[in-house]
Every structure is written in structure tokens, then in C-alpha cells.
Amino acid sequence: MSEPVRLESRWTTELFPKPPFNFDATLHKPDHFPAADNVWQPGVRWQTMLWQGKPLGLKFEDRGTVDEPRVALTVWSQTKLSQPFRDTLLAEIEYRYNFQLDLAEFYRLFAGDPQLGPVIGRWRGMRPLNHNALYEYLIIAIVLQNAAVRRSVSMMRALFEHYGTRLGYDHKELYCFWKPGIIDRATEEELRALKVGYRAKSIKRVTEAFVRGEVDEFELRSKSKEEQREALLALYGIGPASVWYILFDVFHHLDAMDHISPWEQKIYSKLFFDRDPDDPAGVDELLKTFERFGKYEMLAVHYIWEDLFWRRKHEPVAWLEKLIRL
DNA sequence: CATCAGGGCCCTG
DNA sequence: CAGGGCCCTGAT
């Protein structure tokens, strides 16, 4: 394997998320599969990022408290970053990481909810976030389709190893996403050799749409949820399940709870109705119970879901283990 | 060893 | 609008 690209230039700044802010529960989601572009340990997250064509190595460090948040951000790069570049980078990070999200109303409305209230108590300051650009997230979504965790992990690793850029910074080596043009020049057969199966076609077609400039992530941000949904569904290989993830994670629609796949149905059914996963509550019944969370439907589900996976991180949750199949 | 279903999606009828 | 097929892989 060739030498990684060493990032020698370094710049440090500080970020001030809106309180309350829970660093670990925001920067690490225990239900996400591990990938070669990031590492987390309590209080620190290393994450690569491709911004305006430049591969960057980011390091976020918790330097505050839930009520007085302060995050040190160090950015490694190949060459010194200009002030305008730094400004757009910080604005992008603020957007993706949801640092200014105001959780006050959500907490006020649901602190007394018998199920959500205690979860909010445990995870005050947790917010949803997305580290990736839309294109990158679409690739992740494709790799998740019709595959269990282990397979998704191996497909993602193969893609990084073949098309990504290995970066060395802060004594870590991590992969950075590729520019769409790289995969646009690869053939479908070449992708299939990475054991992504029929997803090769979707990866090619989605990449092609970006290379042709048919998708503009920044323009989409200002569109309505329905317009975003329509634009995403128009992409080959992107269906309702992937769109549901993207509307919440990438476009921050806190109410986007409209899709329940069979394995998730079993888990929700146990969580919300304490039903045996082998005899789960119906999708309609589940969607109906989520309605009580109104415009925060998906945020509420996110809280309850993450609470479960954090619990699992500390001690195995017997009924859950057979449902997630590593 | 063989067969099968899966943390979707597309396409066909 | 229901249902078959698709790459692979692990489970049976």
C-alpha cells in the first residue's frame, strides 16, 4: 500500500454550540457502522472531510460542559488555508453538525412524556448530525441497502481503499472521500470486483448525476422537504428508505418519520409497545403513536433509538442482538 | 454440500 | 401495485 498523504499545515479554532450541547452523544452515534474516515473516543472525534476539492483532517475536542459548550477544532491540510476558505469551511461545519440547533422547545414539550422524558434527561444536548456531503451520504445509503452491517462495512472499506485518499495527520491514518469524477471514470465491472454487487450500477448512476451537475446540494437545502424528496427519488438506486435517512440526517427535517423497514419495525415495536419482536406491531400503528411528537417526530424517535444503542454499548441488550445481525 | 433470505430498489406485467 | 430478480454472504 502506498504512503498516505501527510497533512502538515495545521489551524486551530473554537466552536460554540448552542447550549445545551452533549459532545459525545452528538459526535458519536453508536448505531452507525464504523468507517475508515473517522475515529471516536470520549471527548474526541477525528474525521476527514473533502471540502472544495481539498482533503482535510479534522479533530474535534470537547473543551466545555453541556451548559457551557466549547469545542476545539483543529484542521490539518496540505497547504495553508486561506481566510475565505476557512470561513466557508466553518459555515459548512456549523450546518452539517447542527451546532446552533435550538432544542429548548422540544424539551419543553416532551420533558413530561412518560417515555421520552427520561430519555431527554439522560441525553440533554444530544443533536442529530451528519458528517458527510450529500454525495457521500448517498454512497453510504446505497451500501446499506439489502445488506447486514458486516457487509456494509466491507463494501465501504473497499470503496475507500480503491477510490479514497489515505490521509496522515495527528498520528492517525484515515481515508477521505473521493471526488465524484474518480468513480465516474471507473467502470461498473471494476466496482463489481469490490463485491458491491448490483449496487455498482447505482453508485455509477448517482456519481454521474453529480458529475453532470444535476444535483446541487446547496440549492436543495433551500427547497421544501417534498421538493428534496422528489429530487432524491429521481436518482437511480435511491428509494424511500434512503430518502428517509437523508431528509433527517442531511437536510435536518426533524419531523421526517415516514418510513419503517421490517427490522426497524421489530425494534420500534419492542421499544414503544414492549411487543415481542416476533409478533411486531403494524407499521400504521407505529406511525400513529409517533404522531404525538408532532413536528419533532423523527427527533423524538432518534432520541429513543440512540438511547437504546448507547445502552447496548455498555451492556448487551439480549432481544436486540438477534435483530441487528453483525 | 445446497438453498435461502436479506438493514431495497427497479422493472415488468 | 404486486412481485420477481439482483450481488453477495451467513445461516440453516
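In what follows, every heavy atom counts, from backbone to side chain, and hydrogens, waters and symmetry copies are set aside. Chain letters run A, B, ... following the sequence lines, proteins first and then strands; every chain starts at 1. Source: prediction; values computed, not measured.
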> Could you give the CG-to-P distance, from A:Leu144 to C:dC8, as a whole number of Å?
Replying inline: 18 Å

> Starting at NZ of A:Lys201 and ending at C1' of B:dG8, how long is that distance when rounded to a whole Å?
Replying inline: 15 Å

> Between B:dG8 atom C1' and A:Trp263 atom CH2, what is the distance in whole Å?
Replying inline: 13 Å

> Under 4.0 Å between a side-chain N or O of A:Ser242 and OP1 or OP2 of B:dG8?
Replying inline: no

> Looking only at atom C1', what distance separates B:dA5 and C:dG4, rounded to whole Å?
Replying inline: 14 Å

>> If I pick the C1' atom on B:dC9 and the same atom on C:dG10, what distance separates them, to the nearest angstrom?
In response: 22 Å

>> Under 4.0 Å between a side-chain nitrogen and a carboxylate oxygen: does that hold for A:Glu8 and A:Arg6?
In response: no

> Tell me: CD1 of A:Ile260 to C1' of B:dG7, nearest whole Å?
Replying inline: 14 Å

> What distance, rounded to whole Å, do you find between the two C1' atoms, one in C:dT9 and one in B:dC10?
Replying inline: 22 Å

> To the side chain of A:Ile324, which of B:dG8, B:dG7, C:dC7 is closest?
Replying inline: B:dG7

>> Clusters formed by hydrophobic residues whose side-chain heavy atoms approach within less than 4.5 Å: which one holds A:Leu58, and what are its other members?
In response: A:Trp11, A:Leu15, A:Phe21, A:Phe23, A:Leu27, A:Met49, A:Trp51, A:Leu56, A:Phe60, A:Val71, A:Leu73, A:Val75, A:Leu81, A:Phe85, A:Leu89, A:Leu90, A:Ile93, A:Tyr97, A:Phe99, A:Leu129, A:Phe218

> Regarding A:Thr74 and A:Thr12, is there a side-chain donor-to-acceptor distance under 3.5 Å anywhere?
Replying inline: yes

> B:dC9 P sits how many Å from A:Ile139 CD1, rounded?
Replying inline: 14 Å

> Which part of the nucleic acid does A:Pro240 contact within heavy-atom distance under 4.0 Å: base, sugar-phosphate only, or nothing?
Replying inline: sugar-phosphate

> In whole angstrom, what separates A:Gln145's CD from C:dC6's P?
Replying inline: 17 Å

> Any side-chain donor-acceptor pair under 3.5 Å between A:Trp319 and A:Asp276?
Replying inline: no

>> Side-chain N or O of A:Arg150 versus OP1/OP2 of C:dG10: is the shortest distance under 4.0 Å?
In response: yes

> Which residues satisfy the side chain to side chain donor-acceptor pair (under 3.5 Å) test with A:Asp62, sequence neighbours excluded?
Replying inline: none

>> Check this for me: A:Glu94, atom CD, are more than 12 non-hydrogen atoms of other residues, nucleotides or ligands nearer than 6.0 Å?
In response: yes

>> Between A:Glu306 and A:Lys29 (side chain of the first, backbone of the second, donor and acceptor by atom type, cut-off under 3.5 Å), is there such a pair?
In response: no

>> Reading 5' to 3' and counting Watson-Crick or G-U wobble pairs with both distances under 3.5 Å, write the dot-bracket notation for DNA chain B, | for bases paired outside the strand.
In response: .|||||.||||||

> Base, sugar-phosphate, or nothing for A:Ser152, non-hydrogen atoms under 4.0 angstrom?
Replying inline: nothing

>> Quick check for you: among B:dG7, C:dT9, B:dG8, whose closest atom lies nearest to any side-chain atom of A:Tyr198?
In response: B:dG8

>> For A:Gly237 and A:Lys266, find the nucleotide of DNA chain B closest to each by heavy atoms; which residue's nucleotide sits nearer the 5' end?
In response: A:Lys266

> Quick one: A:Met156 CE to C:dT9 P, roughly how many Å, whole number?
Replying inline: 17 Å

> Contact class for A:Leu233 (heavy atom, under 4.0 Å): base, sugar-phosphate, or nothing?
Replying inline: nothing

> Choosing from C:dC8, B:dG7, B:dC11, which nucleotide comes nearest the side chain of A:Lys195?
Replying inline: C:dC8

> Among the nucleotides C:dC7, B:dG7, B:dG8, which one has an atom lying closest to any side-chain atom of A:Val149?
Replying inline: B:dG7

> Do A:Val301 and A:Val243 share a hydrophobic cluster, counting only Ile, Leu, Val, Met, Phe, Trp and Tyr and linking them when any side-chain heavy atoms are less than 4.5 Å apart?
Replying inline: yes

> Rounded to the Å, how far apart are A:Leu232 CG and B:dG8 C1'?
Replying inline: 15 Å

>> Considering every strand and a 4.0 Å limit on heavy-atom distances, what is the contact class for A:Ile142: base, sugar-phosphate, or nothing?
In response: nothing

>> Please check this pair: side chain of A:Arg124 against backbone of A:Asp67, looking for a donor-acceptor N/O pair closer than 3.5 Å.
In response: no

> Nearest to the side chain of A:Asn146, which nucleotide is it out of B:dG7, C:dC8, B:dG8?
Replying inline: B:dG8

>> Students often get this wrong, so: under 4.0 angstrom with heavy atoms, is A:Arg192 touching a base, only sugar-phosphate, or nothing?
In response: sugar-phosphate

